Amino acid sequence: MGYGFSIEEETQGVIEDIISLCSFEHLKNLDVNKNGLWSNCVESKVFFRKGEVGDSKNYLTPLMVERLDRLMDEKLLGSGLVFQ
C-alpha cells in the first residue's frame with residue numbers, strides 16, 4: 001500500500017500474520033462468513049466458492065467471463081498489473 005514494514009515488524013512475523021489473516025482458508029472459516037447475512041438478506045457464504053482454478057465455468061457463462069475480463073482490463077489499465 002506504499003508503506004514498507006519496519007525491521008521490527010518483519011522480525012516479529014507481522015507479514016506472515018497478515019498473509020495468514022487474509023488467506024482464503026481463514027476468511028472462509030470466519031463465523032460471520034459462514035452464518036452472517038448482508039443487509040439485503042443474502043447469506044455471506046454465497047461469496048465463497050471452492051477456490052479451484054477453472055471452477056468459474058460452473059457459475060459463469062462465457063459472455064460473463066468476457067465481460068469480467070474487459071472490466072478488469074479497464075480497471076487495471078495503467079497499474080502495471082496484468083492477468084492472463
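Not measured: the values here are computed from a predicted model. Just so you know, these numbers use all the heavy atoms, side chains as well, and skip hydrogens, waters and symmetry mates.
In terms of the side-chain contact (heavy atoms from CB on, under 4.5 Å) criterion, residue partners of Leu27 (sequence neighbours excluded) are, by chain and number, Leu30, Asn33, Phe48. Applying the salt bridge (charged side-chain N to carboxylate O under 4.0 Å, His left out) criterion to Glu9, with sequence neighbours excluded, gives no partner residue.
Apart from Ile15 itself, the hydrophobic cluster it occupies contains Phe5, Val14, Ile18, Ile19, where clustering links Ile, Leu, Val, Met, Phe, Trp and Tyr at side-chain heavy-atom distances under 4.5 Å. Hydrophobic clustering, defined by side-chain heavy atoms of Ile, Leu, Val, Met, Phe, Trp and Tyr closer than 4.5 Å, leaves Leu77 isolated from every other such residue.
Each side chain to side chain donor-acceptor pair (under 3.5 Å) pair with one or both residues in residues 12-25, not counting sequence neighbours, appears once here: Glu8-Gln12, Glu25-Lys28. Among residues at least two apart or in separate chains, side chain to side chain donor-acceptor pair (under 3.5 Å) pairs with a member in residues 58-70 are Asp55-Asn58, Glu66-Arg70.
Rounding to the nearest 0.5 angstrom, the gap separating the CG atom in Asp73 from the CG atom in Leu81 is 11.5 Å.
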